[in-house]
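Numbers restart at 1 for each chain; the letters A, B, ... are given by sequence-line order, proteins then strands. All values derive from a computational prediction rather than experimental measurement.
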Amino acid sequence: MTSQRNTTTKDPTIEAGVFTRDAATALSERLNEPAWMKEKRQVAWSIFEETPMPTTSDEDWRRTDIRPLKWDRLRPFAESSVKPASQLADLPDYLRAALDEGQEAAGRLALVNGQVVYHELAEGLAAQGVIFTDMNTAVREHPDLVQKYFMTECVAPSDGKFAALNGAFWQGGTFIYVPEEVEIKQPFQVVIALEGEGTAIFPHTLIVAERFANVTCIEETVSRRDAGLSHGDASLSPDGGGQALNDGVVEIIAGDGAQVRYAEVQRWGDNVFNFNTKRAIHRPDSVVVWEMGQLGSRLTKTYVDDILTGNGSFAKFNGVYFASGKQHIDLDTLAHHIGRGTGGDLLLKGAVKDNARAVFQGMIRIDPTGQQTDSYLKNDNLLLSDHTRADSIPSLKIDANDVRASHGATVGRIDEEHIFYLQSRGIPRDVAVRIIVKGFFASVFDRMSQERVREKLAAAVSAKLGGPRD
Amino acid sequence: MASTLTIKDLRVSVEGKLILKGLNLEVKQGEIHALMGPNGSGKSTLAYSLMGHPKYKVEGGEVWFKGQNILELAPDERARLGLFLAFQYPIAIPGVSMANFLRTAVNAVKGGKTNGNGGGGIPIAEFRKMLTEKMELLQMDKSFARRYLNDGFSGGEKKRAEILQMAMLEPEIAILDETDSGLDIDALRIVSEGVNTLAGPHMGVLIITHYQRILNYVKPDFVHVMVDGQIIASGGSELAHQLEAEGYDRYVKQAAGGS
Ligand SMILES: Nc1ncnc2c1ncn2[C@@H]1O[C@H](COP(=O)(O)OP(=O)(O)OP(=O)(O)O)[C@@H](O)[C@H]1O
Ligand SMILES: [Mg+2]
């Protein structure tokens, strides 16, 4: 990141006095954490203090202005109004829906404001050495593994202001460990819920797949502005009241020949400021597939990096986003090819309507060691009203000579000829538009490995387009 | 009573240029008309204007169909009234499967369902049966139903898909804009047989073509010659033979001299 230090700019987070070194220590003590984790939080906090708040003069934040986020209105911890349940049936409807009740899963985890309200692991997996639990439990029960992998070789506090803040204040998130050669057919399903106004949550997910392990994790994010009540759609008051914050980290360690699929269905309410640092470290011949639907939030800035260190490793990305209302969605991908014969295939498609804005920045970087890399990046944007804007900025940095790399970006509107063609078959204009937009996303949906994720995203796209459900 | 499409003194411009300059034509349900004319004479402009393409601006005239001046209707309303256009250059729409698209269209035109909701309208079993029948009639492989609309179709496949759509929607008046061009002789025969099966008392057809070829299979009751935005001669099927042998020169000169 190319941050310019500006000594005259005060740090709004520190000014606000909500997030402090003492608060991070208090959290660690409240959670009865071992000294090493307390220490990790302290280190992260120090880095946080030293890191300037990103501004629009930083290259990758140039189009995303986070000043509307009012730090002094946030609370670092909030209780959950949802009582822990031992049966899925006892959870509120919205959590059950997010966990795809009725479908098979390898395990399920529900977190509300960082606290576990439901957990299950399919029979037999524990006996094979599979660990699936919330991150705080993992610190207590699997300290060696967590100490080895937590913010050590994947995401680091020094990656950015929000990664550092997560390192200091993380609570909740998923820990998955899959031993060598264990293949898990069904996905793990996780819901990360945020309740109330002014709430700030810091989920931290760590997935470790050993040699030839095979695992899928689906995380869905939801929020309720009024705890226990249905999510209100009232527009934000100008003073920033009603805001909430999600600052998440996802770390994936894909061992030799391992296959990891990580899906995110992001449906935060329109009051949530959403920042994420997600990264996968690839050992040789590993495959990591990201499947992502960005639908909610007031503002999103999410980094997704693939560090393809291992020879023959492969990264795939199937992403959709749909920004409406006043939403601002900014995605930033990196495929960093370090190993020999690595591959990347990233496809992201987004629609923008009303006054919303989308930003996509995608980098393919090939090191001198990354010979025989084959990397592909494509981003298409569809503007659905006159007041929207989408920026697509793919880039290549290639330092090897025997590689194939290509990128493409489009920003366009629906072709009137397409609408006319459908209308000429008796289909009304508004229906024609919906059909065309769904068709636009189809090429990403067709690539998705998780039927339930695809169905959810398709339904969400339909809902955003208005009109009848199907 | 047979529905009639009546075009009266139609004047249409494209991007500020007048293309149709007072065109008159009447097509009745059950009749087959052929419209021939040199490149750029305005044949496709007529077809698009009848269907209501937004780029084609009506400067004057009327088009009556089933008691309405359809120039006031949106394209989809015209289609639901029973008008159909097989495009000279069909549009590919990626991500929209042929089967889903056809079901939505059939429900809109015949099922009175225009909200695009997959459910309701014509029962799915009935729809499938109908689709299979019509695809067999046009000797189309079943896999076409799953493919995306015209996406990656060859020129000939696109034309066949247009006729499939016509067969599914069963319009009262169909305009075929150069459906014959780009078809090899076998495909032409199959498509022509399809048109003949559908034509008859229930459907009137306006075939726009440059070639006598298709008219050997689909026998026109009337042939019209269009030059410079007007129909300047009409006759029986013998006129098509004559045009093919002599070309349009005589008519072009006549149009130039006459104005
Ligand atoms: N969308 C358009 N934009 C600009 N000009 C157009 C458009 N459509 C038609 N024209 C012009 O209108 C005139 C008539 O074109 P039209 O396509 O109707 O002819 P046609 O008789 O169908 O020709 P062809 O036999 O080549 O299909 C031409 O001069 C053409 O360039
Ligand atoms: Mg034409």
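- For Asp415(A), no part sits under 4.5 Å from any heavy atom of chain B, backbone or side chain.
- Ring-centre distance between His418(A) and Tyr421(A): not below the 6.0 Å cut-off.
- Per-residue heavy-atom pair counts under 4.5 Å with chain A were compared for Glu162(B), Met166(B), Lys55(B), and the maximum is reached by Glu162(B).
- Neither the backbone nor the side chain of Leu102(B) comes within contact range of chain A; no heavy atom of the residue lies under 4.5 Å from a heavy atom of that chain.
- With a threshold of 4.5 angstrom between heavy atoms, Leu169(B) approaches chain A through side-chain atoms but not through N, CA, C or O.
- No donor-acceptor pair under 3.5 Å is formed between the side chain of Asn276(A) and the backbone N or O of Lys278(A).
- With a 4.5 Å cut-off on non-hydrogen atoms, Ser424(A) touches chain B through its backbone and its side chain both.
- Contacts with chain A were tallied for Leu85(B), Val106(B), Leu83(B); Leu85(B) has the most, counting heavy-atom pairs under 4.5 Å.
- Proximity to chain A (any heavy atom under 4.5 Å) is shown, for Asp151(B), by neither the backbone nor the side chain.
- Between the side chain of Lys349(A) and the backbone N or O of Phe440(A), at least one donor-acceptor pair lies under 3.5 Å.
- Here Gly52(B) is the residue among Ala74(B), Gly52(B), Pro90(B), Ser97(B) with the most heavy-atom pairs under 4.5 Å with chain A.
- Between the side chain of Asn107(B) and the backbone N or O of Ile122(B), at least one donor-acceptor pair lies under 3.5 Å.
- The residue among Pro94(B), Ala92(B), Pro75(B) with the most heavy atom pairs within less than 4.5 Å of chain A is Pro75(B).
- Glu264(A) places no side-chain N or O within donor-acceptor distance of the main-chain N or O of Glu220(A), the cut-off being under 3.5 Å.
- A side-chain contact (heavy atoms from CB on, under 4.5 Å) with Phe441(A) holds for exactly one of Leu457(A), Asp446(A), Val461(A); it is Val461(A).
- Of the possible donor and acceptor atoms, none in the side chain of Asn379(A) sits under 3.5 Å from a partner among the backbone N and O of Ser392(A).
- The contact between Tyr148(B) and chain A is made entirely by side chain atoms (from C-beta outward), counting heavy-atom distances below 4.5 Å.
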